[in-house]
Amino acid sequence: MRGVIVTNPPKADPKDVEALAAFGVATVSEAMGRTGLLGPSIRPVQQGVRVAGTAVTVLSWPGDNLMIHAAVEQCGEGDILVVTTTSPCTDGLFGELFATALQKRGVRGVVLNTGIRDTQELRDMGFAAWSRAVSSQGTVKATGGSVNVPIAVDGQVVRPGDVIVADDDGVVVVPRGKARETAEKSEAREAKEAATRAAFLEGQLGLDRYGLRDTLKRLGVEYRSYEDYTGAGS
């Protein structure tokens with residue numbers, strides 16, 4: 001397998017990344033029209049952590065982490081490493097030693113479309129990670145691949161320099177050119193949800209706030225008393 005290591009690709013503006021870091025994955029995805037989610041099978045190894053950063057992408061051979069070693073050199077402050085393989089793989093391509101090297105370089109986390117190991121150590125050192133599987137299965141360093149090229153993860157294309165937002169709910173990718181727009185739309189959505197939350201705290205029902213009673217009627221959903229529905233009053 002021939003490959004390429006692309007150096008110094010353009011990245012989203014750090015100010016836009018920090019703005020997106022204020023919002024959850026669900027909010028960001030909704031702000032983009034319910035797009036960008038990497039899929040529910042990629043889960044966090046920790047809880048209560050949200051990160052946002054610019055993607056450094058890795059395309060590796062299954063069971064081989066050579067290109068992760070190559071990618072570490074290309075990582076810097078504010079990045080998130082995103083790794084996939086040329087075919088499905090759940091081997092533990094990433095562990096505590098990689099995290100140590102990346103943390104030293106200011107990397108905020110890792111997203112793996114593969115397996116991960118040393119999860120307790122990662123939690124102890126505060127290095128955020130999301131992966132498709134947890135596996136102690138080791139790997140080799142024998143096959144070429146690519147760094148900082150477009151990769152596909154669960155049907156989403158992740159390009160180097162795109163914004164990755166990850167939290168307890170999963171992972172979303174924001175295209176580099178849409179980072180500012182998405183941050184603005186996320187802020188507007190948060191404001192709208194805050195108003196709705198306040199209304200719910202006052203006792204308003206979603207049926208009324210969202211005008212859903214007419215929707216139920218249009219769909220033929222009826223209100224019937226228990227006695228009428230069961231015939232208990234007959």
Side-chain angles (χ1 to χ4, degrees), residues 5 11 14 17-18 20-22 24-25 37-148 151 153-154 156 158 160 162-173:
I5 299 172
K11 298 180 179 182
V17 177
E18 291 309 309
L20 285 166
V25 165
L37 292 173
L38 298 194
S41 59
I42 297 181
R43 303 299 304 147
V45 303
Q46 68 285 310
Q47 291 291 303
V49 174
R50 179 188 298 162
V51 298
T54 44
V56 173
T57 61
V58 180
L59 179 63
S60 290
W61 196 259
D64 192 311
N65 66 7
L66 172 63
M67 299 314 297
I68 299 180
H69 283 279
V72 171
E73 184 182 26
Q74 304 306 316
C75 290
E77 187 73 34
D79 286 333
I80 292 178
L81 190 67
V82 184
V83 181
T84 194
T85 48
T86 56
S87 60
C89 171
T90 57
D91 295 345
L93 267 66
F94 187 97
E96 176 263 335
L97 292 178
F98 272 136
T100 299
L102 290 174
Q103 196 171 61
K104 174 66 176 178
R105 302 178 77 87
V107 173
R108 295 174 177 172
V110 65
V111 175
L112 298 145
N113 194 23
T114 66
I116 195 171
R117 62 184 187 178
D118 302 333
T119 57
Q120 183 62 59
E121 287 80 0
L122 296 181
R123 288 189 290 271
D124 289 345
M125 65 190 292
F127 189 82
W130 287 256
S131 70
R132 181 170 297 279
V134 175
S135 174
S136 295
Q137 179 62 50
T139 59
V140 299
K141 302 165 182 61
T143 312
S146 294
V147 176
N148 278 334
I151 61 174
V153 182
D154 275 0
Q156 299 294 335
V158 182
D162 285 349
V163 183
I164 301 295
V165 182
D167 62 17
D168 290 350
D169 292 338
V171 182
V172 64
V173 56

Which pairs, with at least one residue in residues 73-94 and sequence neighbours excluded, count as a salt bridge (Lys or Arg N to Asp or Glu O under 4.0 Å)?
K11-D79

If you apply the rule side chain to side chain contact (heavy atoms under 4.5 Å, CB included), what do you find for L122 with I116, and how did you get there?
CA-CA 10 Å; L122 296 181; I116 195 171; 3.5 Å; yes

Test your reading of the model: is there a side-chain donor-acceptor pair from R105 to the backbone of C75, 3.5 Å cut-off?
yes

Taking side chain as C-beta onward, heavy atoms only, is V110 less than 4.5 Å from F127?
yes

With a 4.5 Å heavy-atom cut-off, do V25 and V171 have their side chains touching?
no

Roughly how far apart are E121 CD and T100 OG1, rounded to 0.5 Å?
9.5 Å

Among residues two or more places apart or on two chains, list those pairs meeting side chain to side chain donor-acceptor pair (under 3.5 Å) that have a residue in residues 123-132.
S41-R132, N113-R132, Q120-R123, Q120-D124, R132-D154

What is the distance from atom CG of L59 to atom OG1 of T57, rounded to the nearest 0.5 Å?
8.5 Å

Nearest-0.5 Å distance that lies between atom OG in S60 and atom NE2 in H69:
10.0 Å

Is there a donor-acceptor contact under 3.5 Å from the side chain of N148 to the main chain of V56?
no

Treating R108 as the side-chain partner and A52 as the backbone partner, does any N or O pair qualify as donor plus acceptor under 3.5 Å?
yes

Which residue pairs pass the ring-ring contact (aromatic ring centres under 6.0 Å, His included) test when at least one of the two sits in residues 100-123, sequence neighbours left out?
none

How long is the straight-line distance from CG of L20 back to CD1 of I164, given to the nearest 0.5 Å?
11.0 Å

Roughly how far, to the nearest 0.5 Å, is the CG atom of L97 from the CG atom of N65?
10.5 Å

Only residue of T143, V83, I5 satisfying side chain to side chain contact (heavy atoms under 4.5 Å, CB included) with M67 is I5

Intermediate values then yes/no, side chain to side chain contact (heavy atoms under 4.5 Å, CB included), V172 and L37:
CA-CA 4 Å; V172 64; L37 292 173; 4.0 Å; yes

Step by step, work out the side chain to side chain contact (heavy atoms under 4.5 Å, CB included) result for V153 and I42.
CA-CA 10 Å; V153 182; I42 297 181; 3.6 Å; yes

Could you tell me whether the side chain of T86 reaches within less than 4.5 Å of the side chain of P62, counting heavy atoms only?
yes

Rounded distance [0.5 Å steps], OG1 in T139 versus CD1 in I68:
7.5 Å

Looking only at heavy atoms, the pair that brings I151 and V82 closest together is CD1-O, 3.7 Å

Any side-chain heavy atom of T85 sitting closer than 4.5 Å to one from L93?
yes

